[in-house]
Novice: 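Shown below is the structure under consideration.
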There are 2 protein chains.
Amino acid sequence: MSLQSLPGAVAKKEPVAEMRSAKISESAVRRLSLYLRLLQEADSLGQETISSEELADRAGTTAAQVRKDLSLFGSFGKRGLGYAVSELLQEIREILGLNRSWRVALVGAGKIGSALITYRNFRTRGFHIEAVFDTDPDKVGKRWGTQTILDDTEMGSVLAGKRIEIAVIAVPADAAQGVVDRVVASGVSAILNFAPVRLRVPKGVSLRNVDMVVEMEGLAFALTSTER
Amino acid sequence: MSLQSLPGAVAKKEPVAEMRSAKISESAVRRLSLYLRLLQEADSLGQETISSEELADRAGTTAAQVRKDLSLFGSFGKRGLGYAVSELLQEIREILGLNRSWRVALVGAGKIGSALITYRNFRTRGFHIEAVFDTDPDKVGKRWGTQTILDDTEMGSVLAGKRIEIAVIAVPADAAQGVVDRVVASGVSAILNFAPVRLRVPKGVSLRNVDMVVEMEGLAFALTSTER
DNA sequence: CTATCATTGTGAATGATTTCACAAGGTGTC
DNA sequence: GACACCTTGTGAAATCATTCACAATGATAG
Ligand SMILES: NC(=O)c1ccc[n+]([C@@H]2O[C@H](COP(=O)([O-])OP(=O)(O)OC[C@H]3O[C@@H](n4cnc5c(N)ncnc54)[C@H](O)[C@@H]3O)[C@@H](O)[C@H]2O)c1
Ligand SMILES: NC(=O)c1ccc[n+]([C@@H]2O[C@H](COP(=O)([O-])OP(=O)(O)OC[C@H]3O[C@@H](n4cnc5c(N)ncnc54)[C@H](O)[C@@H]3O)[C@@H](O)[C@H]2O)c1
C-alpha cells in the first residue's frame, strides 16, 4: 500500500499525491530529523508552542528555512502563534516514518559494532537491532547484549526470516561490498555504512555513509585554508 | 603566515589569491577527500594515470564534477591523457592539508571513544590522538593504547600545552556543550562531534557532526516514502 | 610534419536550494 | 468589533551547485 493512496494521512490540506512524489532533498530530511530532536527536548521541558524563529535558532538555521521545510509536507502552524510542540513533533515522526519500529541487523561485531549495539538512542528511536553477524569463529556464538553473534553464513536466511529492513555495515573496507551484495539479495533496502568505501547498491536501495576520515579531512582543510 | 601570501605554493597557474578566498563548498571538500582515497587505491595497484571519467565512476559522480572540483585549485591534468595518479594524489594531499600530521584530543573515553582510539585510518592519515580525557575516576589513569586517560580537569592546560588542534567530542549529549566551550577556550579550533546535540561554536571554529540517529532517520524516511 | 584522437579546463546553461518579503490569518486588547 | 500585533505559508528572487558542451591542447601514429 503506497502513501499516495492515503491522501491526508500525513498532512492536512495540500495535494498529497504531489507532495509525496516531489522529491525531498537529503538536507531537508536531515533538518527534519534535527527539528524532531529539538522538539522532543522542548516538549520534555514542558514547552507548549514554538515559533519557526525559535526552532531555527536552536537548529542553527533560519526561520524561513524551517517554514519551507515544513511546508513541503503540509501546514502545521498557527499564524500569530507558532507551532504546537507536541503536535508538530508527532507530524514529523509521521513524516519520517518513526511511528513504528524498524528491524535492523548489524554486520561486523568489532569495535564500532560493539559501540553501536549498546547505543541507546537507536533503540529509543525505534531502531531495533535484531541480528548481529560476524565471520570470526572466536566471536560467533558469544552473547552481545540481547543478541547472540551469528555466523556470517547464516546471514541470508536470517535476514530474510526476520524481515530485516536496515543493515548496518561495520566490517573492514575490503569485505564491505561483498556483504552489501548479499544483504541486498536478502531483501534489505536500506544500509548504513561505516566502512571507508564507496559501495555500489542497486537503484531502490538507500545508502548512507558515515565516514569519519572524510570528516577529519574536512576539518584539516578548514584549518589549512584559514591558516590561523 | 597565510596561504594568500604564498602564491603558487599550491597550484600551478591560477590566480591563487582568488582561489583561496573563493569559498569552497563542504560537498566539494568531501569529494576531494574521496578522490584522494580512490587515488591512493589506484596508486597502490600501480596505476599511473587516470581520467576524470574513471575517477568519477569510482567516486559515484560525473567527470565534469571531478574536473570542476579540481579546477577550483588549479590545473593538474594533461589534455588527452588524464591525470598522473601519484601527482594528483600529492596535489590533493596538499590542498586538504594532509602533508603534515595533526594533533588531536579525544574527550570521552567511553564506547565510541574506545573504537576511535584504535582506528588505524586516523593515524595513517596523519591524525594523531595525543590526549584522552574523561571525568570518570574509574577510567582516569588507565592506559588506552599509547595514551593514559587524563582527568577532565587537566584538559585546559594539556590541550594548550600540547597545542592540540582538533578535538573529538565523545561525551554524553548534555556534557558536550560544556566540553566544547572549554576546548575552544584552550585554543582548539576544529571539532568533530559525536554527541547528538547542535553545538554552538564561535566564528572561526570549524565543527563537523557525526550524527548516526540522523542518518538512520534518513533511511527510515526513504523506506517510508518509497513504501515498498 | 600532419592528421587523428582523447581528454582537459571552463564559460554558459540548467537545476536545486535558500532567502526574501509580504499578504493572509490568527490572537489579544479595549 | 475594530485595531494592533505576531507569525505563518508561499511565490518570487537570489544564490549556490551541477551539468553541458566545446575550444584548446597534448599525445601518438604514420
Ligand atoms: N574503529 C573505529 O573507530 C572506526 C571508525 C570509523 C570507521 N570504521 C570502519 O568500520 C569498520 C569496522 O571497524 P572496526 O574498528 O569495528 O573493525 P574490527 O576489526 O574491530 O571489526 C570488524 C569485524 O568485522 C568482522 N568481519 C570481517 N569480515 C566479515 C564479513 N565478511 N562478514 C561479517 N563480519 C566480518 C571481523 O571478524 C571483525 O569482528 C571498518 O571498515 C572501519 O574502517 C571504524
Ligand atoms: N555508542 C555509540 O554507538 C554512539 C553512536 C553515536 C553517537 N554516540 C554518542 O557519543 C557520545 C558518547 O557515547 P558512548 O556510547 O561512548 O557513551 P559512554 O557513556 O560509553 O561514554 C561517555 C564517556 O564520557 C565520559 N564523560 C562524561 N562527561 C564528561 C566530561 N564532561 N568530560 C570528559 N568525559 C566525560 C564518561 O565518563 C564516559 O566515559 C554520546 O553523546 C552518544 O550519544 C554514541
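Every chain is numbered from 1, with letters handed out A, B, ... down the list of sequences.
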Novice: When you measure from the side chain of B/Ser71, which nucleotide among C/dT10, C/dT18, C/dG25 comes out closest?
Specialist: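 Nearest to the side-chain atoms of B/Ser71, counting from C-beta on, is C/dT10.
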Novice: With sequence neighbours excluded, tell me which residues meet salt bridge (Lys or Arg N to Asp or Glu O under 4.0 Å) with A/Glu215.
Specialist: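 If we apply the salt bridge (Lys or Arg N to Asp or Glu O under 4.0 Å) test to A/Glu215, skipping adjacent residues, the hits are B/Arg30, B/Arg208.
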Novice: Nearest to the B/Lys23 side chain among C/dC20, D/dC16, C/dA23, which nucleotide is it?
Specialist: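 The listed nucleotide nearest to B/Lys23's side chain is D/dC16.
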Novice: Nearest to the side chain of A/Arg67, heavy atoms from C-beta on, is which of C/dT27, C/dT18, C/dC22?
Specialist: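 Nearest listed nucleotide: C/dC22.
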Novice: Which whole-number value in Å describes the distance from B/Asp69 CG to C/dT10 P?
Specialist: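 Atom-to-atom, B/Asp69 to C/dT10, this comes out as 14 Å.
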Novice: What nucleotide among D/dA17, D/dA21, D/dT8 has an atom nearest to a side-chain atom of B/Ser25?
Specialist: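 Side chain of B/Ser25 sits closest to D/dA17.
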Novice: If you check every side-chain atom of A/Lys68, which of D/dA12, C/dT7, D/dA17 has the closest atom?
Specialist: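 Closest of the options to the side chain of A/Lys68: D/dA12.
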Novice: Between A/Leu70 (CG) and C/dT18 (C1'), how many Å, whole number?
Specialist: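 Nearest whole value for this atom pair: 15 Å.
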Novice: Phosphate oxygens OP1/OP2 of D/dG9: is one of them under 4.0 Å from a side-chain N or O of A/Tyr83?
Specialist: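 The answer is yes; a side-chain N or O of A/Tyr83 sits under 4.0 Å from OP1 or OP2.
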Novice: With nearest nucleotide decided by heavy atoms, which residue, A/Glu26 or B/Ala63, maps closer to the 5′ end of DNA chain C?
Specialist: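 The residue whose closest nucleotide sits nearer the 5' end is B/Ala63.
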Novice: If every non-hydrogen atom of A/Ser206 is compared with every non-hydrogen atom of B/Ala222, which pair is closest and at what distance?
Specialist: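 Minimum heavy-atom contact is OG-CB, 3.2 Å.
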Novice: Would you sort out whether B/Val213 and A/Arg37 count as a side chain to side chain contact (heavy atoms under 4.5 Å, CB included), showing the intermediate values?
Specialist: CA-CA 10 Å; B/Val213 168; A/Arg37 177 183 292 156; 3.8 Å; yes
Novice: What pairs with B/Thr124 under side chain to side chain contact (heavy atoms under 4.5 Å, CB included), at least two apart in sequence or on another chain?
Specialist: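 B/Arg120, B/Asn121.
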Novice: In terms of side-chain geometry, is the basic nitrogen of B/Glu41 or A/Arg198 positioned less than 4.0 Å from the acidic oxygen of its partner?
Specialist: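 So B/Glu41 does not pair with A/Arg198 through a salt bridge.
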Novice: Of all the choices, D/dT19, C/dG25, C/dT19, which nucleotide is nearest to the side chain of A/Arg79 once you look at every atom?
Specialist: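 The answer is C/dG25, which lies nearest to the side chain.
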Novice: Using whole Å, report how far CG of A/Leu88 lies from P of D/dT8.
Specialist: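 In whole Å, D/dT8 P lies 11 Å from A/Leu88 CG.
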Novice: Could you check how far CZ of B/Phe76 sits from P of D/dT25, rounded to whole Å?
Specialist: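 Between P of D/dT25 and CZ of B/Phe76: 18 Å.
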Novice: Round to the nearest Å and state the distance from B/Phe73 atom CZ to C/dT10 atom P.
Specialist: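 Going from CZ in B/Phe73 over to P in C/dT10 covers 14 Å.
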Novice: Picking from B/Asn193, B/Val180, B/Val107, what satisfies side chain to side chain contact (heavy atoms under 4.5 Å, CB included) with B/Val171?
Specialist: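 Exactly one candidate clears the test, B/Val107.
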Novice: Could you check B/Leu116, B/Ile166, B/Val168 and say which one makes a side chain to side chain contact (heavy atoms under 4.5 Å, CB included) with B/Phe127?
Specialist: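 Of B/Leu116, B/Ile166, B/Val168, side chain to side chain contact (heavy atoms under 4.5 Å, CB included) with B/Phe127 is met by B/Ile166 alone.
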Novice: For B/Leu81 and D/dA29, give me the distance from atom CG to atom C1', rounded to whole Å.
Specialist: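 In whole Å, D/dA29 C1' and B/Leu81 CG are 15 Å from each other.
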Novice: Given C/dT19, is OP1 or OP2 found less than 4.0 Å from the side-chain N or O atoms of A/Thr62?
Specialist: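 For C/dT19, OP1/OP2 do have a side-chain N/O of A/Thr62 under 4.0 Å.
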Novice: Just to be sure I understand the geometry, which residues of residues 40-54 of chain A put a non-hydrogen atom under 4.0 Å away from DNA chain D?
Specialist: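 Output list: A/Ser51, A/Ser52.
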Novice: For C/dT19, does OP1 or OP2 lie under 4.0 Å from any side-chain N or O of A/Gln65?
Specialist: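 Yes.
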Novice: Within this structure, what is the CZ-to-C1' distance between A/Arg31 and C/dT19, rounded to whole angstrom?
Specialist: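 A/Arg31 atom CZ is separated from C/dT19 atom C1' by 12 Å.
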Novice: Mind checking whether A/Val197 and A/Gln177 have side chains closer than 4.5 Å, heavy atoms only?
Specialist: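 Side chain of A/Val197 against side chain of A/Gln177, heavy atoms only: no contact under 4.5 Å found.
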Novice: Can you check the A/Arg30 CZ to C/dA16 P distance for me, whole Å?
Specialist: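 Taking CZ of A/Arg30 and P of C/dA16, I get 18 Å after rounding.
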